[in-house]
Amino acid sequence: MKKLLLSAVGLVALSGSAMAADLPVHYKAPPAPIIPPIYDWSGFYIGANGGWGESRNCLDATPLVGLDVSDGCVSRSGGLLGGQFGYRWQSAQFVYGLEAQGDWANLSGSHVSLVNPAFTTGVKVDGLGLFTGQIGYAWNNSLLYLKGGAAVTSNRLDIVQIATGIDVASASSTRWGAAVGIGWEYGFTPNWSVGIEYDHLFMGNSNNSFSTINPVAAAFLNDRISQDVDMIAVRVNYRFGGYGAPPIVSKY
């Protein structure tokens with residue numbers, strides 16, 4: 001009887017093992033890894049900028065005899081404040097864009113005229129604009145870019161008689177030239193970015209015929225002025241639209 005009982009127990013154990021071997025195995029895959037979103041620079045944006053600029057002007061006076069006489073150079077620096085708007089589109093890591101920028105400026109300075117030391121020559125830039133294209137390379141939310149295009153400045157030139165302090169001659173002009181620049185921008189949220197940018201403006205030469213209450217002053221103070229501008233500014237932009245490229249999810 002004892003042997004019969006042991007045989008039955010062994011048979012049941014063997015049958016259970018065989019049935020367990022025939023059961024399907026259920027494998028639970030580990031959670032799919034989620035890669036953080038890739039920052040997308042595409043879209044319209046608008047922003048503000050502020051910084052510092054320096055304008056250098058060299059003057060050549062043309063007296064009645066028709067000769068050009070160097071009247072020296074004036075460099076002046078001051079603050080810049082303005083805004084910009086544009087559009088960017090991204091292809092892989094390359095970013096392309098178009099932008100318009102306008103700034104109020106306070107770049108003014110004066111010096112004693114070399115042509116006639118009885119007068120001072122004062123030059124002021126009170127506004128400037130840039131219309132540029134961009135090409136850049138992005139490392140996710142960090143963007144390094146180059147820019148170039150057209151530039152425009154609003155200028156005023158005054159001739160002041162030292163003895164009386166009277167403005168005896170003045171000229172205002174809007175000048176067009178070229179601009180090149182380099183910048184870096186960092187996206188600190190999906191839609192907000194901050195950056196820094198340097199630009200150089202090549203404004204060329206401009207001839208100015210003065211309006212004056214003093215014909216004697218106007219006779220030899222008609223100037224040809226060359227101009228170059230350097231500017232560096234901190235920029236903050238808000239980009240409209242999406243929140244970056246969607247996350248990449250691995251699938252099994």
Side-chain angles (χ1 to χ4, degrees), residues 41 43-58 73-88 95 97-111 120-136 141-158 160 167 170-204 206 208 225-241:
W41 290 94
F44 288 98
Y45 64 90
I46 188 170
N49 70 81
W52 170 90
E54 181 179 57
S55 180
R56 176 178 171 83
N57 290 73
C58 293
C73 296
V74 181
S75 293
R76 65 262 191 227
S77 60
L80 302 169
L81 183 65
Q84 65 276 342
F85 67 93
Y87 181 82
R88 288 177 175 143
V95 179
L98 295 171
E99 183 182 275
Q101 174 180 333
D103 282 79
W104 165 86
N106 184 24
L107 314 181
S108 60
S110 63
H111 78 304
T120 61
T121 303
V123 188
K124 181 179 181 180
V125 177
D126 55 18
L128 53 87
L130 301 176
F131 305 91
T132 56
Q134 297 180 1
I135 181 170
N141 59 336
S142 181
L143 173 65
L144 180 67
Y145 61 89
L146 300 173
K147 63 187 295 186
V152 58
T153 59
S154 174
N155 307 272
R156 179 178 174 85
L157 179 61
D158 292 287
V160 178
D167 191 345
S170 63
S172 297
S173 65
T174 299
R175 303 178 60 168
W176 287 88
V180 294
I182 184 171
W184 173 77
E185 199 165 331
Y186 180 79
F188 61 92
T189 74
N191 290 81
W192 287 95
S193 59
V194 63
I196 187 168
E197 182 178 292
Y198 164 78
D199 297 292
H200 182 81
L201 282 56
F202 303 88
M203 305 309 297
S206 177
N208 296 280
I225 305 174
S226 64
Q227 182 182 40
D228 290 281
V229 180
D230 292 289
M231 51 187 293
I232 185 167
V234 175
R235 297 155 50 98
V236 178
N237 287 325
Y238 177 82
R239 182 176 57 85
F240 296 94

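Note that the structure is a prediction, hence the values are computed from the model and not measured.
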**Request:** Could you give me the CA-CA distance, side-chain angles and deciding distance for Ile135 and Tyr145, then say whether side chain to side chain contact (heavy atoms under 4.5 Å, CB included) is met?
**Result:** CA-CA 6 Å; Ile135 181 170; Tyr145 61 89; over 6 Å; no
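- Remark: side-chain polar atoms of Asn141 are paired, donor with acceptor, to backbone N or O of Gly187 under 3.5 angstrom.
- Taken to the nearest 0.5 Å, the CG atom of Asp230 stands 10.5 Å off from the CZ atom of Arg56.
- Here the options are Asn155, Val125, Asn57, the test is side-chain contact (heavy atoms from CB on, under 4.5 Å), and the partner is Leu107; only Val125 passes.
- Under the side-chain contact (heavy atoms from CB on, under 4.5 Å) criterion, Ala100 pairs with Phe85, Phe131, not counting sequence neighbours.
- Judged as a side-chain hydrogen bond (donor to acceptor under 3.5 Å, both in side chains), the pairs with a partner in residues 122-132 (not counting sequence neighbours) are, in order, Asp126-Ser154.
- For Arg76 (side chain) and Ser55 (main-chain N/O), a donor-acceptor pair under 3.5 Å exists by modelled atom type.
- A pairwise comparison of heavy atoms in Ala105 and Leu80 identifies CB-CD2, 3.5 Å as the closest pair.
- A distance of 6.0 Å or more separates the ring centres of Phe44 and Phe240.
- Trp41 contributes atom CH2, which lies 8.5 Å from atom CG of Asn237 (distance to the nearest 0.5 angstrom).
- Taking the six-membered ring for Trp, Phe202 and His200 have ring centres closer than 6.0 Å.
- Qualifying side-chain hydrogen bond (donor to acceptor under 3.5 Å, both in side chains) partners for Thr174, counting only residues two or more places apart in sequence or in other chains: none.
- Among residues two or more places apart in sequence or in another chain, the side-chain contact (heavy atoms from CB on, under 4.5 Å) test is passed with Ala151 by Leu130, Ala179, Leu201, Met203.
- For the pair Arg239 (side chain) and Pro190 (backbone), a donor-acceptor distance under 3.5 Å is present.
- Looking at heavy atoms from C-beta onward, Asn49 lies out of side-chain contact with Val234 at the 4.5 angstrom threshold.
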**Message:** Run the side chain to side chain contact (heavy atoms under 4.5 Å, CB included) test on Thr153 and Gln227 for me, step by step, so that the C-alpha distance in whole Å, both residues' side-chain angles and the decisive distance to 0.1 Å come before the verdict.
**Reply:** CA-CA 10 Å; Thr153 59; Gln227 182 182 40; 3.2 Å; yes
**Prompt:** Does the side chain to side chain contact (heavy atoms under 4.5 Å, CB included) test come out yes or no for Ser193 and Tyr186, once each step is laid out?
**Reply:** CA-CA 5 Å; Ser193 59; Tyr186 180 79; over 6 Å; no
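- In this view, Thr189 and Trp192 satisfy the side-chain contact (heavy atoms from CB on, under 4.5 Å) rule, not counting sequence neighbours.
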**Request:** Kindly determine whether Glu185 and Leu144 satisfy side chain to side chain contact (heavy atoms under 4.5 Å, CB included), including the steps that lead there.
**Result:** CA-CA 7 Å; Glu185 199 165 331; Leu144 180 67; over 6 Å; no
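- Taking the centre and axis of the six-membered ring of Tyr45, the NZ or CZ atom of Arg88 falls inside the cone set by 45° and 6.0 Å.
- Considering CG of Asp199 and NZ of Lys147, their distance stands at 4.5 Å, rounded to 0.5 Å.
- Partners of Trp104 according to the side-chain contact (heavy atoms from CB on, under 4.5 Å) rule, which considers only residues two or more places apart in sequence or in another chain, are Leu81, Asn106.
- By the 4.5 Å heavy-atom criterion applied to side chains, Glu197 and Met231 are not counted as neighbours.
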